[in-house]
Each structure stands twice: as structure tokens, then as C-alpha cells.
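This report refers to the structure that appears directly beneath it.
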Protein chains: 2
Amino acid sequence: MLDPRKLLLLRELARRGTIAAVAEAVTFTPSAVSQQLSALEREAGVPLLERTGRTVTLTPAGHLLVEHAQTVLEQLERASAALAAVRGGPSGPLRIGAFPTATRALLPAALTALTAAHPGLEPMVSEIDPADVSAALRAGELDVALVHEYDFVPPVTDASIETEPLFSEPMYLTDRPSVADARDDSWIMNKPGTLCHTMAIRACQAAGFEPRVRHHIDDFDTILAFAAAGQGVALVPRLAASSPPPGVTLTRLPLSRRTLVAFRRGYGEHPAIRAAVAVLRPSAL
Amino acid sequence: MLDPRKLLLLRELARRGTIAAVAEAVTFTPSAVSQQLSALEREAGVPLLERTGRTVTLTPAGHLLVEHAQTVLEQLERASAALAAVRGGPSGPLRIGAFPTATRALLPAALTALTAAHPGLEPMVSEIDPADVSAALRAGELDVALVHEYDFVPPVTDASIETEPLFSEPMYLTDRPSVADARDDSWIMNKPGTLCHTMAIRACQAAGFEPRVRHHIDDFDTILAFAAAGQGVALVPRLAASSPPPGVTLTRLPLSRRTLVAFRRGYGEHPAIRAAVAVLRPSAL
DNA sequence: GGTCAAGCGTAAGCTCAGCTTATGCTCGAC
DNA sequence: GTCGAGCATAAGCTGAGCTTACGCTTGACC
């Protein structure tokens with residue numbers, strides 16, 4: 001394997017012209033430089049330099065190797081710079097909370113981007129319902145969280161929590177043209193206590209009825225499978241409705257769900273939080 | 001500076017999973033690999049691996065460095081391959097003959113390309129008139145030569161010399177619409193004994209007159225400068241007529257000059273000759 | 001032509017990086 | 001509980017690569 005230290009000397013020779021000048025530049029003796037270049041020549045198997053007068057000049061093969069040496073050394077520089085960035089950049093554990101759909105749909109790509117950009121970070125993900133996020137953030141159990149808001153559920157405003165909106169998505173209803181048309185159907189909803197559950201109940205109340213809830217299921221894929229099996233109707237966000245099972249028709253409703261990222265107030269400029277928010281923005285996904 | 005030997009070990013660790021496997025692959029002891037990777041970690045200033053169970057796994061920073069290591073090692077491989085190509089490729093002196101215009105207009109770029117592709121070659125150029133090329137090639141004073149043929153001068157066919165046509169170019173006449181119109185002018189021609197001189201004489205004879213030759217000059221730029229100074233008319237090839245001096249108008253004639261590359265018969269497959277012909281073809285220029 | 005400094009190469013010696021061997025620790029399988 | 005796989009550390013040895021010393025060649029200057 002070619003030794004980059006020797007390649008560096010060759011490149012410096014190409015720049016400076018004499019072995020003595022190279023030696024001075026790297027604070028070696030000219031003898032050391034001469035020996036190193038001789039060794040490089042031996043390894044290369046081709047003459048790289050030749051005496052001309054009392055200095056040396058590069059042969060064409062020498063110039064060729066200088067070109068390659070240049071790219072090798074640049075690449076090594078880049079590697080060192082990347083390590084320096086890791087040393088200086090955000091590092092350590094980063095506790096991320098997210099609602100289940102986001103965990104499945106958003107986080108894989110986001111985490112890949114996050115650790116690629118900041119290898120020192122150790123993201124740790126916990127599924128958590130938006131209703132519980134504020135407490136977890138305040139308690140320091142989470143550093144940053146993905147939450148959502150629904151039209152029918154006023155957002156909890158907590159002075160110690162800051163949010164940044166990420167995107168908005170429409171809601172879909174299974175097999176019925178509107179919520180009002182599902183008055184007499186069985187409903188499949190998320191577990192009580194979750195924001196999605198509250199949203200679905202309120203949506204029905206706004207349509208003038210109390211829904212009959214038969215199933216309590218948190219996973220939207222399972223909910224859609226139940227709907228396909230004729231077990232009832234359900235409200236699902238677009239994020240969970242990208243590939244509905246056959247037999248389920250989805251109707252877009254004039255309801256929307258907004259996804260936000262939440263963190264403790266004042267931590268928006270914390271490097272790790274900044275990095276996490278950056279990879280979660282729609283433009284990064 | 002990062003040591004590529006250590007980077008190689010890191011990359012192998014990413015591939016093979018255990019230090020023991022890496023050690024076997026590079027025929028070291030596991031201890032040596034462990035020490036090297038520890039040293040790399042120290043130089044990097046970031047944890048690169050961590051014990052998990054009884055094996056080690058790469059940290060995100062470790063994976064990042066593996067990516068860079070990969071490109072560094074590939075680049076070093078390329079450099080080695082280039083040197084191997086130089087060792088195996090054509091090398092040594094290559095004596096090239098060329099007529100003066102070609103020396104000026106064609107060879108600089110061609111030689112650059114030639115030594116870039118085959119740094120082992122040492123091209124040595126001699127200006128030589130096409131009329132003398134056959135003898136020089138046969139005598140071994142040249143290995144390859146650029147020559148030209150004119151419409152009025154039948155090409156010398158020599159059984160021991162092989163040629164390959166490169167390109168054809170039109171001839172231009174200064175300040176007169178045709179050769180016949182220059183019957184009464186003074187002429188500026190190349191030195192007697194050159195092919196260009198013979199060509200010009202024959203062209204005049206074909207137009208029905210013997211030219212009155214006032215100047216004998218070999219360099220076409222000088223010839224054009226003389227023409228601009230009103231010293232006479234001249235025939236010049238396009239290669240020499242790319243930027244005529246002000247005051248000279250050039251008329252394209254139905255005469256052409258063909259440039260060929262010549263070498264000893266049977267040497268067309270010689271690596272150095274092949275390489276030289278390749279960079280002289282119009283597609284390479 | 002003689003002298004001298006600049007520049008390079010080689011020989012000899014020394015230092016330290018990096019290998020091996022030896023040993024101990026931890027983890028996971030049986 | 002036992003045992004082997006896997007890794008880390010300590011100790012010792014070898015060789016790569018540095019310095020110092022010296023000689024040769026070249027080109028400038030007198």
C-alpha cells in the first residue's frame with residue numbers, strides 16, 4: 001500500500017522544486033526526505049524523479065503520481081474534517097418521543113439522516129401519545145417530541161413547551177362519504193385517553209351524534225384492516241392511509257391534522273434539538 | 001494524518017464484524033488489530049467502536065469514518081493501478097519527426113495527451129521535411145513521423161514505410177483569386193528541396209507558367225507576414241492560415257494537402273507507435 | 001582554472017511504532 | 001458451573017524511519 005506520508009513529500013516536491021525546500025517545510029532533514037522519496041520510487045517500481053543539474057525534477061510518471069497523491073491527501077483531509085465535525089457537533093443521547101404513526105412513517109428516514117449528519121448523536125425513540133408529551137418533556141424524560149393537533153381538539157398550550165409546525169395533512173373516512181353518514185355505524189377508534197380518540201369522538205359530536213365504538217385499536221394499519229373486514233368505520237390521517245387494504249374506500253374530509261415538533265422552551269437553539277428539527281422538516285424528508 | 005493501514009482495519013471490521021476475523025483476514029494477531037484500532041480511535045478523538053456482548057460494534061462515528069476510509073482506500077488503489085499501468089505500458093524514448101507547421105500546430109496538444117496517457121514515454125521531436133522522412137525512418141533516426149502529400153506531388157511509396165492518413169485540409173492563396181491570376185507576381189515559397197516548394201512550383205506549372213520566386217522562407221507565419229508586407233504571393237495550408245495577419249486576404253483553392261503519420265512497416269502494432277498514432281488522430285485533437 | 005556553497009545521496013546509529021506472546025477479563029452457550 | 005470465544009492490556013522485540021556525518025556533483029564567482 002502506498003504511504004500517504006511519502007505521497008505528501010512527493011506533492012510538496014512538485015510544489016517547491018527542491019528536496020531541501022520540502023525538508024524545511026516539513027521540518028525534516030533533506031536526507032530523510034531523500035530517503036523517503038527513494039523508498040516511494042522503489043515501491044512504485046517506476047522512476048519518479050531524476051537529477052537535473054544539482055536539483056531533481058519529476059518524471060512524467062512522477063507528475064502522474066502527484067495527481068493521484070493530491071486526491072488521496074484531499075480525501076484524507078475530508079475524513080479528518082468529518083471527525084473534527086463529529087467532535088465539535090452535537091453528541092450524546094437524544095430522547096425522542098413520537099406518536100406511533102410518525103414512528104413508523106417519519107422516523108426511519110429522519111434517524112438515518114440525523115445520524116449521518118451527526119454521528120455523535122444517539123437518538124432514543126419512545127412511542128408516546130401527544131396527550132402525554134408535555135409532562136414527559138417537562139420531566140426531562142424526552143428532549144424532543146412529535147405531536148399532532150386536530151381541528152376539533154384545542155391544542156394544549158403549555159408555557160414551558162415550545163412547538164414548531166411541520167406539516168398539515170387531511171383526514172380520511174372509511175367507506176362513508178361524510179361523518180354524518182356514519183351515524184349508525186360501528187366505529188373503530190384509538191384507545192381512550194389518546195388524542196386521536198378524543199378527536200374522533202368530537203368529530204362525531206360535531207356531526208350531531210354519539211358514536212358507537214366497538215373496537216379500540218391504536219395502530220392505523222390494523223384499524224384499516226378491521227375496516228376492510230367490515231368491522232366498522234374509522235377516521236385515519238393521510239400519513240396512515242398511503243396504501244389502504246383492498247375493499248376500503250377512503251373519503252377525504254374537510255378535517256385536518258397538524259404535526260408539530262415540541263421541545264422545552266428555550267431549547268430550540270440547542271444543537272441537538274436544532275439538528276433533530278432540521279431532519280424532521282418536510283423539506284428534509 | 002490518518003493512517004490508511006488503520007483505516008483498512010476499520011473497514012474490514014465493518015465488513016467482518018469481529019476483530020478476530022479481521023486479524024485472520026490480514027494475518028495479524030487479534031491483539032495487533034485491537035491495538036491499531038485503539039490507536040485510530042485515539043487519533044480520531046471520537047469513540048469509533050464499543051463492546052457489545054463479547055464482540056465490538058461500530059458507533060455512528062465509526063460508520064462515518066468507514067465511509068471515508070472506503071473512498072481513501074479506493075483512491076489509493078487507483079494510484080497503484082496507475083503506477084502498474086505505467087510499469088506495463090510503453091516506455092522509453094520515442095523519436096518523432098514532424099514538418100514545422102505540424103510541430104507548432106499539432107504536437108503541443110498531442111504530446112500533452114501522450115505523456116498523460118503513457119508517462120513512461122519520452123517523446124523526442126525533430127523538425128523534418130516530409131521529403132527526408134523515409135530515409136530517417138529507415139535509418140532508425142525516427143520512430144514515427146508526421147508527413148503530408150500535395151495534389152501535385154505524387155506520394156513517395158516506399159515498401160518499408162507504412163502510413164495512416166490523419167486528415168485533409170484545403171490550400172489557400174494570398175491576395176489573388178486563383179493561381180493563374182498570380183502569373184506575374186513575385187512568389188514567396190519554402191526552401192528548395194522541401195515538398196512545399198515542389199508543390200508550389202508544380203501548381204504554377206499546372207496553371208501554365210513558371211513562377212518568379214523572390215523569397216525562400218520555411219515558416220508559414222513569416223511567409224504570411226511577408227505577403228502582408230506586399231512582398232509577393234504564397235500558397236499556405238489551412239493549418240498555417242488560422243489567424244492571417246491584417247492586410248492579407250486568403251482564397252480557398254481546389255487544392256488539398258493530406259497529413260499522414262508514417263512509421264516503419266510492421267511497427268503499427270508497437271505499443272509506443274499505437275499510442276502516438278492514437279493521440280494524433282483528429283478525434284483526439 | 002580554482003574555490004565555494006547549494007543540493008543530493010549514502011552509511012551508520014538510534015528511537016519508537018507496531019508486531020508477537022502471554023495473560024486476564026467478560027459474555028454467552030451448554 | 002464450566003468452558004470457549006472474543007477482546008484488552010502488559011512486556012518484549014524487530015524494523016521503519018529519523019538524525020548526524022560525509023562525499024559527490026553542479027553552477028556561480030573570482
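Quick note on labels: first sequence line is chain A, next is B, and so on, each numbered from 1.
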Problem - Length of the line joining B/Leu13:CG and D/dC7:P, which is rounded to integer Å - result: 8 Å
Problem - All pairs passing ring pair (Phe, Tyr, Trp, His ring centres under 6.0 Å) where residues 96-143 of chain B contributes a residue, at least two apart - result: B/Phe99-B/His148
Handout entry: Contact list for DNA chain D against residues 15-27 of chain B - heavy-atom distance below 4.0 Å
Key = B/Thr18, B/Ile19, B/Ala20
Fill in the blank from the handout: Those residues at least two apart in sequence (or on a different chain) that pass side-chain contact (heavy atoms from CB on, under 4.5 Å) with A/Glu50 are A/Thr52, A/Thr57, A/Thr59
Check: protein-nucleotides 28-30 of chain C nitrogen or oxygen pairs below 3.5 Å:
none

Handout entry: Qualifying salt bridge (charged side-chain N to carboxylate O under 4.0 Å, His left out) pairs, either residue in residues 55-74 of chain A, two or more places apart
Key = none
Completion exercise
The correct set of residues in residues 1-9 of chain B placing a heavy atom under 4.0 Å from DNA chain C is B/Asp3, B/Arg5, B/Lys6
Problem - Pairs touching residues 266-275 of chain B that satisfy salt bridge (charged side-chain N to carboxylate O under 4.0 Å, His left out), sequence neighbours left out - result: B/Glu269-B/Arg274
Problem - Taking every non-hydrogen atom, the tightest pair across A/Phe263 and A/Gly268 - result: CE1-CA, 3.5 Å
Handout entry: Partner residues of B/Thr222 under the side-chain contact (heavy atoms from CB on, under 4.5 Å) criterion, sequence neighbours left out
Key = B/Ile217, B/Asp219, B/Phe226
Practice task
Taking all heavy atoms of A/Ile96 and all of A/Leu142, pick out the closest pair and write down the distance.
Solution key: C-CD2, 3.8 Å
Practice task
Just grab all the side-chain hydrogen bond (donor to acceptor under 3.5 Å, both in side chains) pairs involving residues 26-36 of chain A, residues at least two apart or on different chains.
Solution key: A/Ser31-A/Gln35
Completion exercise
salt bridge (charged side-chain N to carboxylate O under 4.0 Å, His left out) pairs touching residues 8-17 of chain A, sequence neighbours excluded, are A/Glu12-A/Arg15, A/Glu12-A/Arg16
Exercise for the section: Ignoring backbone atoms, test whether B/Gln36 places a side-chain nitrogen or oxygen under 4.0 Å from the OP1 or OP2 oxygen of C/dC19. Expected result: yes
Practice task
Quickly work out the B/Leu37 CG to C/dG18 P distance and round it to whole Å.
Solution key: 12 Å
Problem - N/O (side chain, A/Ser34) to phosphate O (OP1/OP2, C/dG9) under 4.0 Å - result: yes
Handout entry: By side-chain contact (heavy atoms from CB on, under 4.5 Å) - contacts of A/Thr103 (at least two apart)
Key = A/Ala98, A/Leu107, A/Val125, A/Glu127
Exercise for the section: May I have the distance from B/Phe28 (atom CZ) to C/dT20 (atom P), rounded to whole angstrom? Expected result: 6 Å
Practice task
Indicate yes or no: does A/Lys191 engage A/Asp129 in a salt bridge with an N to O separation below 4.0 Å.
Solution key: no
Is there any protein nitrogen or oxygen under 3.5 Å from a nitrogen or oxygen in nucleotides 20-22 of chain D, and what are the pairs?
| residue | atom | partner | partner atom | Å |
| --- | --- | --- | --- | --- |
| D/dT20 | O4 | A/Ser31 | OG | 3.1 |

Fill in the blank from the handout: Rounded to whole Å, CZ of B/Arg51 lies from P of D/dT9 at a distance of 10 Å
Problem - Heavy atoms from other residues, nucleotides or ligands near CE of B/Met1 exceed 12 (cutoff 6.0 Å) - result: yes
Fill in the blank from the handout: The residue among A/Leu49, A/Val66, A/Leu48 that forms side chain to side chain contact (heavy atoms under 4.5 Å, CB included) with A/Leu13 is A/Leu49
